[in-house]
J.: 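Quick one: this structure, given as structure tokens, is what I'll be asking you about.
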There are 2 protein chains.
Amino acid sequence: MSHSSAPRKTPGRPARISREDIIGTARRIVTEEGADRLTMRRLAQEVGSTPMALYHHVRGKEELLLLLLNDYAERTLHRPALPDQPRERVVVAAAAIHDVLAACPWIVEVLTADDLMSTTALWFVEQIVDNLVECGLTPERAVHGYRAIWYYTAGEILVRATAARRRATDDQPTYRERVFADLDPGELPRLARLSGRWAELTAEDTYRDGLRALVDGLLAS
Amino acid sequence: MSHSSAPRKTPGRPARISREDIIGTARRIVTEEGADRLTMRRLAQEVGSTPMALYHHVRGKEELLLLLLNDYAERTLHRPALPDQPRERVVVAAAAIHDVLAACPWIVEVLTADDLMSTTALWFVEQIVDNLVECGLTPERAVHGYRAIWYYTAGEILVRATAARRRATDDQPTYRERVFADLDPGELPRLARLSGRWAELTAEDTYRDGLRALVDGLLAS
DNA sequence: TTTGGTTTCTATACATGTAAGAAAAATAGC
DNA sequence: GCTATTTTTCTTACATGTATAGAAACCAAA
């Protein structure tokens, strides 16, 4: 579509599609029709190529989704105004990442990435680590603290997203509901007493509370 | 294999395989040859049936893995001796769950379960919630606290397991390594200074430290 | 022009999960 | 014994990710 004249310098057959084409088209499919519709065949057809040609620009579907996630983060993750207190900065930076990712429903299959590693996202990591140091942690403990925050954040998003997906798919009552329906109050009194409200309680969004608790605890030690 | 005489009471074609057969055989395949080898076709062949017959005893592969996980938890998760302090009880109960799950390499695909819900595992949940209340939290906050612990735990296992899998699969340097290799010290000074030690630092097992911090923070608020 | 090398693209094939529906094997009522 | 009903099993077919092998399109040298 693009380059026309400009004498080529590399040998070999010239590429008809680029990684950017692929990612762009993939993004369009995903935003317009949802992540289910993104198949390698469909994507190939849409960029005017064959499925296996994609594999010369992208290692496989997993990498494609990872690239898509980075692309998404790059364009929707914006640096927020940070508060004065270092501790609050940690909270704000983590919550900003969380909110953007949580709003991205197709994320589940990729989010087990080791870290989020787009250039934009790294700024947030920097803020978290730096402000943890600012609060008195050694750099080593600050990194560990960041990792704990990332585990908590990724876990929250993954668990909630999967639960939501299951609820949407299954017509039947959940396994959880069945188990909670007949708890033995003798064996598990606390859960039995809470069983009626469990669904409601776990549905509440308490990400920030947990995050604050975690940051507090990291700084207290 | 089992029932012989005993006049049947239900109408319909009698079942030749049972859910227990399926789970047992699946467990054998997974423990002997790894989770990759567990396919519906292979499993069907092994129980002496056809793939689609399995679907009358199990909703699909995802449910099968969930059942397998519960089965695994049921037989390897044993109630530990709990310390005296309620706060330490929370830590010990959570760490017990964590350690059993983390030792289970095929877990990744299922762990996004809403909670771990085998009967045995619920005892641990009970301990966590109960002792959080014992420490002064309201029952509501105790449930939220348990959820935060679960998010952190599931996230840790998932992220670490996936990272390990990626390292095992990929021969090429990780995306992370490439990004960390050329960080701009002007933009991200803290990360740039730590970049050489990042892999080493994130490889350390700091689950318990983070857990303690989280529990401390939950109780401090 | 021909030959060789390099890169990209295409065709074909396979393994996998599972949807749809027909067939089989039992019971219940007559 | 015969038919209707119910439950389980089997057959077939499809969508998907991707491995493999080779064809196609470009450059550079002979």
J.: It should be established whether B/R16 places a side-chain nitrogen or oxygen under 4.0 Å from OP1 or OP2 of nucleotide D/dC10.
T.: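 Yes, because at least one side-chain N or O of B/R16 sits under 4.0 Å from OP1 or OP2 of D/dC10.
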J.: I'd like to know if B/R19 and B/E63 make a salt bridge, using a cut-off of under 4.0 Å between side-chain N and carboxylate O.
T.: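 So B/R19 pairs with B/E63 through a salt bridge.
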J.: Among residues 25-43 of chain A, which residues get a heavy atom nearer than 4.0 Å to DNA chain C?
T.: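 Listed by number, there are none.
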J.: Note down the inter-axis angle between the two ends of the helix from C/dT1-D/dA30 to C/dC30-D/dG1, five pairs each, to the nearest 10°.
T.: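 Axis-to-axis angle, ends of the helix: 30°.
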J.: I'd like a table of donor-acceptor pairs (distance under 3.5 Å, sequence neighbours excluded) in which one partner is a side-chain atom from residues 187-197 of chain B, with atom names and distances.
T.:
| residue | atom | partner | partner atom | Å |
| --- | --- | --- | --- | --- |
| B/E187 | OE1 | A/R79 | NH2 | 3.2 |
| B/R190 | NE | A/D130 | OD1 | 2.8 |
| B/R190 | NH2 | A/D130 | OD1 | 2.7 |
| B/S195 | OG | B/A192 | O | 3.0 |
| B/R197 | NH1 | A/E140 | OE2 | 2.7 |
| B/R197 | NH2 | A/E140 | OE2 | 3.1 |

J.: Going by the rule side-chain hydrogen bond (donor to acceptor under 3.5 Å, both in side chains), which residues pair with B/E204 if we only count those two or more places apart in sequence or in a different chain?
T.: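 In terms of side-chain hydrogen bond (donor to acceptor under 3.5 Å, both in side chains), with neighbours along the sequence ignored, B/E204 is linked to A/H144.
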J.: Just to verify, what does A/H57 make a ring pair (Phe, Tyr, Trp, His ring centres under 6.0 Å) with, not counting sequence neighbours?
T.: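 A/H57 satisfies ring pair (Phe, Tyr, Trp, His ring centres under 6.0 Å) with no residue once adjacent residues are dropped.
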J.: More than 12 foreign heavy atoms under 6.0 Å from CZ of A/R28: is that the case here?
T.: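 For A/R28, atom CZ is crowded (more than 12 foreign heavy atoms under 6.0 Å).
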J.: Could I get a table of every N or O pair under 3.5 Å where one atom is in the protein and the other is in nucleotides 4-6 of chain D?
T.:
| residue | atom | partner | partner atom | Å |
| --- | --- | --- | --- | --- |
| D/dT6 | O2 | B/G12 | N | 3.4 |

J.: Could you give the side-chain donor-acceptor pairs of residues 208-215 of chain B under 3.5 Å, partners two or more places apart or in another chain?
T.:
| residue | atom | partner | partner atom | Å |
| --- | --- | --- | --- | --- |
| B/R208 | NH2 | B/D99 | OD2 | 2.6 |
| B/R212 | NE | B/E88 | OE2 | 3.4 |
| B/R212 | NH2 | B/E88 | OE1 | 3.0 |

J.: Who are the salt bridge (Lys or Arg N to Asp or Glu O under 4.0 Å) partners of B/R42, not counting sequence neighbours?
T.: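 Applying salt bridge (Lys or Arg N to Asp or Glu O under 4.0 Å) to B/R42 gives B/E33, B/E46.
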J.: Distance only, no hydrogens: is a donor on one side chain within 3.5 Å (strictly under) of an acceptor on the other, for A/Y55 and A/R59?
T.: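 Per modelled atom types, A/Y55 and A/R59 side chains form no pair under 3.5 Å.
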J.: With distance as the sole criterion, is a donor-acceptor pair present between the side chains of B/T153 and B/Y207 under 3.5 Å?
T.: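 Indeed, the side chains of B/T153 and B/Y207 share at least one donor-acceptor pair under 3.5 Å.
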J.: Expressed as a whole number of angstroms, how long is the span from A/I17:CD1 to C/dT7:P?
T.: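 These atoms are roughly 17 Å apart.
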J.: Compare every heavy atom of B/I149 with every heavy atom of B/A94, then report the nearest pair and how far apart it is.
T.: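 Here B/A94 and B/I149 meet closest at CB-CG2, 3.7 Å.
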J.: State which residues pass ring pair (Phe, Tyr, Trp, His ring centres under 6.0 Å) with B/Y72; sequence neighbours excluded, sorted by chain then number.
T.: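 For B/Y72, no residue satisfies ring pair (Phe, Tyr, Trp, His ring centres under 6.0 Å) once neighbours in sequence are set aside.
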J.: What residues in residues 44-56 of chain A put a non-hydrogen atom under 4.0 Å from any atom of DNA chain D?
T.: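 Hits under 4.0 Å, by residue number: A/M52, A/Y55.
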J.: By side-chain hydrogen bond (donor to acceptor under 3.5 Å, both in side chains), which residues pair with A/Q127, not counting sequence neighbours?
T.: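 So A/Q127 forms no side-chain hydrogen bond (donor to acceptor under 3.5 Å, both in side chains) with any residue.
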J.: Who are the salt bridge (Lys or Arg N to Asp or Glu O under 4.0 Å) partners of B/E62, not counting sequence neighbours?
T.: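 Testing B/E62 for salt bridge (Lys or Arg N to Asp or Glu O under 4.0 Å), a comparison that skips the adjacent residues, returns A/R166.
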